[in-house]
Amino acid sequence: MRSVDADTGKPTQSPTVTRDAPVPPTAAAPPVARPPSAAPRPTLARLAVPAGVLAAVAGAFAYVGSVDPYEAGHYPVCPLLRFTGVYCPGCGGLRSAHAFVHGDWPAALQANAPAVLGYLAFAVLWTVWVVRVVRGRPVRLGLGPVHLWTLGALLLAFTVVRNLPFGGWLVP
């Protein structure tokens, strides 16, 4: 775009910058300070958290395996069952874990089938976790709202069915 200088009457260039015009250099920006890159941690250090989780779960299963939940007084009673008479989705979980530790799979499934599926899911997810940590890859569990709502709906259906007369085979 051309304009006229008021003093001289000569045409001048507009101060606006077009796309093709080069941008005049400005003062150099100071260099961006970046933190020094951390050296990757050794594999054993990266395995500390998965090993700690495994130790805690193994300790819990060892305790439940050694202390019989069928004997009264060792574990607290489910408050929902005590006050309402309704079996919650966790009722029978300790008996299921006890039977699971002792290798009695039918009794573990009868006591609480979703708990057995949870034990197996934990084993698979823990193994995937360890493999990804050893390989130096990030651990991501991509559960979205649909997955969580589906899991909740399945547990709700299990709870309803186990409390109906025809679901007596699911009662611990």
Side-chain angles (χ1 to χ4, degrees), residues 33-172:
R34 293 190 176 139
S37 61
R41 294 181 359 196
T43 303
L44 287 178
R46 291 191 315 254
L47 286 173
V49 174
V53 169
L54 182 63
V57 170
F61 269 89
Y63 180 78
V64 172
S66 64
V67 179
D68 190 4
Y70 290 100
E71 293 181 21
H74 288 141
Y75 298 102
V77 178
C78 173
L80 185 67
L81 180 62
R82 171 177 265 172
F83 295 122
T84 66
V86 174
Y87 292 104
C88 75
C91 281
L94 289 172
R95 284 173 278 207
S96 174
H98 182 78
F100 189 84
V101 167
H102 290 280
D104 190 358
W105 305 100
L109 285 168
Q110 196 280 325
N112 193 324
V116 174
L117 294 176
Y119 309 149
L120 298 175
F122 170 79
V124 168
L125 291 174
W126 185 86
T127 304
V128 169
W129 184 16
V130 168
V131 168
R132 292 188 70 84
V133 164
V134 167
R135 292 182 179 172
R137 294 185 179 166
V139 180
R140 292 188 182 107
L141 184 60
L143 289 179
V146 173
H147 299 106
L148 297 175
W149 280 102
T150 303
L151 181 62
L154 289 172
L155 285 175
L156 179 65
F158 171 74
T159 303
V160 169
V161 169
R162 82 185 316 196
N163 285 291
L164 293 175
F166 63 85
W169 59 279
L170 293 173
V171 172

**Fill in**
Distance col, row Leu117:CG vs Leu151:CG, nearest 0.5 angstrom, shows 10.5 Å
**Item:** For the student: nearest non-hydrogen atoms of Ser96 and Ala115, plus distance
**Value:** OG-CB, 4.0 Å
**Message:** Under a 3.5 Å distance rule, please check whether Tyr87 uses its side chain to pair with a backbone N or O of Gly92 as donor and acceptor.
**Reply:** no
**Asked** Which value, rounded to the nearest 0.5 Å, describes the distance between Leu155 atom CG and Thr150 atom OG1?
**Response** 11.0 Å
**Message:** Are more than 12 heavy atoms, taken from residues, nucleotides or ligands other than Leu44, located less than 6.0 Å from that residue's CG atom?
**Reply:** no
**Request:** Please tell me if the side chains of His98 and Asp68 come closer than 4.5 Å, counting only heavy atoms from C-beta onward.
**Result:** yes
**Item:** Nearest-0.5 Å distance that lies between atom OH in Tyr63 and atom NE2 in His74
**Value:** 7.0 Å
**Prompt:** Okay, side chain of Arg46, backbone of Val133: is any donor-acceptor separation there less than 3.5 Å?
**Reply:** yes
**Fill in**
Taking every heavy atom of Asn163 against every heavy atom of Gly85, the minimum-distance pair comes out as OD1-O, 4.4 Å
**Prompt:** Do Pro79 and Val77 come within less than 4.5 Å of each other through their side chains, counting heavy atoms only?
**Reply:** no
**Asked** For the atom pair CZ (Phe158) and CG (Asn112), what is the distance rounded to the nearest 0.5 Å?
**Response** 4.5 Å
**Message:** Main chain of Cys88, side chain of Arg162: is a donor-acceptor contact present, judged purely on distance under 3.5 Å?
**Reply:** yes
**Prompt:** Rounded to the nearest 0.5 Å, how far apart are CZ of Phe122 and CH2 of Trp129?
**Reply:** 7.5 Å
**Message:** A side-chain contact here means heavy atoms from C-beta on lying under 4.5 Å apart; do Val101 and Tyr119 qualify?
**Reply:** no
**Request:** Taking the side chain as every heavy atom from C-beta outward, state whether Val64 and Phe100 have any pair of such atoms under 4.5 Å apart.
**Result:** no
**Message:** If you compare all heavy atoms of His102 against all heavy atoms of Gly65, which two are closest, and at what distance to 0.1 Å?
**Reply:** NE2-O, 2.8 Å
